[in-house]
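Every chain is numbered from 1, with letters handed out A, B, ... down the list of sequences.
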Amino acid sequence: MGHPPVVTRFAPSPTGFLHIGGARTALFNWLYARGRGGKFLLRIEDTDRARSTPEATEAILKGMAWLGLDHDGEVISQFENAPRHREIALEMLAKGHAYKCFATQDEIAAFREAARAEKRSTLYQSPWRDAAPETYPDAPYVIRLKAPREGVTVIRDQVQGDVTIRNDQLDDMVLLRSDMTPVYMLAVVVDDHDMGVTHVIRGDDHLNNAARQMMIYTAMDWPVPTYAHIPLIHGADGKKLSKRHGALGVDEYQKLGYPAAGVRNYLARLGWSHGDDEFFSDAQAIEWFDLNGIGKSPSRFDFKKLENLCGQHIAATDDAALQRELGQFLQVTGQNPIPEDKKPAMNRAMYCLKDRAKTFFQLIEKAEFSLASRPIQPDEKAAKLLDNVSRGILRELTPHLQNANWTRDALEDAANGFGETHDLKFGKLAGPLRAALAGRTATPSVFDMMLVLGRDETIARLQDATNG
RNA sequence: GGCCCGUUCGUCUAUCGGUUAGGACAUCUGGUUUUCAACCAGGAAAGAGGGGUUCAACUCCCCUACGGGCUACCA
């Protein structure tokens, strides 16, 4: 039978950072295309010259790169296609699918105001729709779509189902402004058509617009793409995402220390499901993702769950990749990079670090013991554990460790044996040991630290602490 | 105002007419433990409300309530 090749796209407007909702829309498009051997295109909707900035475009590109959402082909600028959009509008005019409207904005505004006051429909019906060209004044005009006034337009949406809108509810939208610049609604349709987009997956704030856009497809006799309008993401309070609660740019999530894989997993699972699967890889997401698994209701953003998933992803990521991502994290948060001479130790430590961290912040905190140089500066809590009594215990314990084989079992035996002969619970030993070795109170197991540090460094740190 | 969409545990969701309404995160209790993280056992926790249709409804239909979107010469 042969399916036509799938082409999806993400089309943000460059008016700010890439927020989490946009990121999810991009992710869905990416997953859908990647799972079907299709193409995922990126188009910047920069027709609003006043609000579009190159910085925003840059932020969007960066955000997508961090999330690993690679697009096919060049980034397309919608603004640059304006001549083509105009061409189509003129073609529609020539074919009688559009007309010149000389109504001024003031006139229209006055009409709407009056209509609202009288509780009539505010739908504007231009008197120029069927006016004879001889009656045209010598004045500026816009080009409007000559939309059907009867019948209905049915959006066959893959998420929302069939949505029927009566044509008499839709006005003759403007295609070309009086300065002959194309309007967004026209630009999207022309670009999607020219780019060969087969599946339009976007926020459901565009659902109603889809009916209007379909009229352009119909007028041009172009095939209508498959639509999937996905519900928006809300904040934890159920309200629309705002700066206050989570409408952060994706770069903020990166700075918060969340790994991209975890964010992808969380975002994919937010509003989409594949049975009871919660934790999955990109490969699985790509294989499983489908439009019919997308829910119809808006979902709320939950940092706790994000964090949980991120922890699982950090634990599942291989050490080399983790090192790389950690490096990026340190860079974007303006922290010092891992010194070259500390990297081997950190590498050795990775196995006991990664399953105890949910974010890169926690990872670096727990890695501190492998990064620090003697003498270790204990933080406040650790310093308290190194009182005179504890130091005395450590002083006695040190030779026992020093003489042990440097294996986990032998070290444990040495510590436990020492504890028994001195009638000390291991907990009494572990605290001071941790403080001496790491200068911190939240670390991997003391034995893991000893193994990572090696005999010489371990003993030296213990001596530093007991002599100090 | 008009039109459109939505509503299952606190949150994300499963269910696609017949289930003790399942899972995950969070939460609570107990256990384990070497701090952190984790782990083990268990608990509490849901079909917005009202009408239908049906032998049977969370599931289909209608109404209401609540939430959201669109209604621009913004995107």
Quiz item: Once you round it to whole Å, what is the distance between C1' of B:U35 and NZ of A:Lys381?
Solution: 10 Å
Exercise. Name the closest nucleotide to the A:Asn308 side chain, picking from B:A37, B:A26, B:A75.
Key: B:A26
Quiz item: For A:Ser273, which contact category applies under a 4.0 Å heavy-atom criterion: base, sugar-phosphate, or nothing?
Solution: sugar-phosphate
Practice problem: Identify whether any heavy atom of A:Lys304 sits under 4.0 Å from a base atom; if not, whether one sits that close to sugar-phosphate; answer base, sugar-phosphate or nothing. | Solution: sugar-phosphate
Quiz prompt | Whole-Å P distance, B:A48 and B:C3 | solution = 25 Å
Quiz prompt | N/O donor-acceptor pair, side chain A:Lys305 with base B:A24, under 3.5 angstrom | solution = yes
Practice problem: Take atom NE2 of A:His229 and atom P of B:G68, then tell me their distance rounded to the nearest Å. | Solution: 20 Å
Quiz item: Between A:Arg112 and B:A72, does any side-chain N or O lie under 4.0 Å from OP1 or OP2?
Solution: yes
Quiz prompt | Over 12 non-hydrogen atoms of neighbours within 6.0 angstrom of CZ in A:Arg156 | solution = no
Quiz prompt | A:Phe301 and A:Tyr266 aromatic centres sub-6.0 Å | solution = yes
Quiz item: What about A:Arg116, does its side chain sit under 3.5 Å from the base of B:U71 through a donor-acceptor pair?
Solution: no
Exercise. Take atom CZ of A:Arg269 and atom P of B:A14, then tell me their distance rounded to the nearest Å.
Key: 7 Å
Quiz item: Within a reach of under 6.0 Å around OH of A:Tyr124, are more than 12 heavy atoms found that belong to other residues, nucleotides or ligands?
Solution: yes
Practice problem: For A:Met185, answer base if it contacts any base atom (sugar-phosphate contacts may also be present), sugar-phosphate if it contacts only those atoms, and nothing otherwise; contact means non-hydrogen atoms under 4.0 Å. | Solution: base
Quiz item: A:Lys358 side chain N/O closer than 4.0 Å to the phosphate oxygens (OP1, OP2) of B:A38?
Solution: yes
Practice problem: Both distances under 3.5 Å, Watson-Crick or G-U wobble: report the partner of B:U35, or none. | Solution: none
Practice problem: Evaluate side chain to side chain donor-acceptor pair (under 3.5 Å) for A:Gln312 paired with A:Asn308, printing each intermediate quantity in order. | Solution: CA-CA 7 Å; A:Gln312 296 186 59; A:Asn308 175 279; 2.9 Å; yes
Quiz item: Does any nucleotide pair with B:G30 by Watson-Crick or G-U wobble geometry, both distances under 3.5 Å, and what is it?
Solution: B:C40
Quiz prompt | Whole angstrom value for the distance that separates P of B:U11 from CG of A:Leu309 | solution = 19 Å
Exercise. May I ask you to say what A:Thr441 touches in the nucleic acid, namely base, sugar-phosphate or nothing, with a heavy-atom cut-off under 4.0 Å?
Key: base
Quiz item: Can a donor-acceptor pair under 3.5 Å be found between the side-chain atoms of A:Asp204 and the base atoms of B:G69?
Solution: no
Quiz item: Now, which nucleotide makes the Watson-Crick or G-U wobble pair with B:U20, with each of the two distances under 3.5 Å?
Solution: none
Atom pairs under 3.5 Å: protein N/O with N/O of nucleotides 31-34 of chain B:
residue: B:U34; atom: O2; partner: A:Arg434; partner atom: NH2; Å: 2.8
residue: B:U34; atom: O4; partner: A:Ser445; partner atom: OG; Å: 3.4

Practice problem: Measure from the ring center of A:Phe426 to the ring center of A:Phe447 and say whether it is less than 6.0 Å. | Solution: yes
Practice problem: Nearest-nucleotide wise, let me know which of A:Gln312 and A:Thr104 is further upstream toward the 5' end of RNA chain B. | Solution: A:Gln312
Self-check item: Distance between P atoms of B:C40 and B:G49 (Å, rounded)
Solution: 36 Å
Quiz prompt | Proximity of A:His274 and A:Phe280 rings by center, below 6.0 Å | solution = no
Self-check item: Pairing nucleotide - B:G10, Watson-Crick or G-U, each distance under 3.5 Å
Solution: B:C25
Exercise. Please state how far atom CZ in A:Phe111 lies from atom C1' in B:A72, giving the value in whole angstrom units.
Key: 14 Å
Quiz item: Among B:C12, B:A75, B:C4, which nucleotide sits nearest the side chain of A:Glu278?
Solution: B:C12
Exercise. Select base, sugar-phosphate, or nothing to describe what A:Gln160 touches, counting heavy atoms under 4.0 Å on all strands.
Key: sugar-phosphate
Exercise. Let me know the distance between NE2 of A:His206 and P of B:C3, rounded to the nearest Å.
Key: 23 Å
Exercise. Hunt down the Watson-Crick or G-U wobble partner of B:C70, both distances under 3.5 Å, from any strand shown, or write none.
Key: B:G2
Self-check item: Interface with RNA chain B, restricted to residues 138-145 of chain A and to heavy atoms under 4.0 Å
Solution: A:Val142, A:Arg144
Practice problem: Tell me whether the guanidinium CZ or amine NZ of A:Arg43 lies under 6.0 angstrom from the six-membered ring centre of A:Phe10 and within 45° of its axis. | Solution: no
Exercise. Walk me through it: do A:Lys366 and A:Thr443 pass the test side-chain contact (heavy atoms from CB on, under 4.5 Å)?
Key: CA-CA 5 Å; A:Lys366 295 194 159 109; A:Thr443 75; over 6 Å; no
Quiz item: Just how far, in rounded Å, is P of B:C3 from CG of A:Asn208?
Solution: 12 Å
Exercise. Remember a base hit wins even if backbone is also touched, and classify A:Gly203 as base, sugar-phosphate or nothing at under 4.0 Å, heavy atoms.
Key: nothing
Exercise. Pick base, sugar-phosphate or nothing for A:Ser297, based on heavy-atom distances below 4.0 Å to the nucleic acid.
Key: sugar-phosphate
Exercise. Indicate, with a heavy-atom threshold strictly under 4.0 Å, whether A:Arg440 touches base, sugar-phosphate, or nothing.
Key: nothing
Quiz item: Base, sugar-phosphate, or nothing for A:Thr443, non-hydrogen atoms under 4.0 angstrom?
Solution: base
Quiz item: Under 4.0 angstrom, heavy atoms only, what part of the nucleic acid is A:Thr47 near: base, sugar-phosphate, or nothing?
Solution: sugar-phosphate
Exercise. Select from A:Lys119 and A:Asp355 the residue whose nearest nucleotide in RNA chain B is closer to the 5' end of that strand.
Key: A:Lys119
Quiz item: Distance only, no hydrogens: is a donor on one side chain within 3.5 Å (strictly under) of an acceptor on the other, for A:Asp191 and A:His85?
Solution: yes
Check nucleotides 39-41 of chain B against the protein and report each pair of N or O atoms closer than 3.5 Å, with its distance, or say if there are none.
none

Practice problem: Determine, using ring centers only, whether A:Trp272 and A:Phe289 are less than 6.0 Å apart. | Solution: yes
Quiz item: Can you tell which of B:C5, B:C12, B:A72 lies closest to the side chain of A:Ser299?
Solution: B:C12
Quiz item: What nucleic acid atoms does A:Thr164 come within less than 4.0 Å of, heavy atoms only: base, sugar-phosphate, or nothing?
Solution: sugar-phosphate
Quiz prompt | Partner nucleotide, any strand, of B:A56 [Watson-Crick/G-U, under 3.5 Å] | solution = none
Quiz item: Taking A:Asp172 as the fixed residue, which of A:Arg129, A:Arg144, A:Lys100 is the one that meets the salt bridge (charged side-chain N to carboxylate O under 4.0 Å, His left out) rule?
Solution: A:Arg129
Quiz item: NA contact type, A:Ala103, heavy-atom cut-off 4.0 Å: base, sugar-phosphate, or nothing?
Solution: base
Quiz prompt | Aromatic ring proximity, centroids under 6.0 angstrom, A:His229 and A:Tyr227 | solution = yes
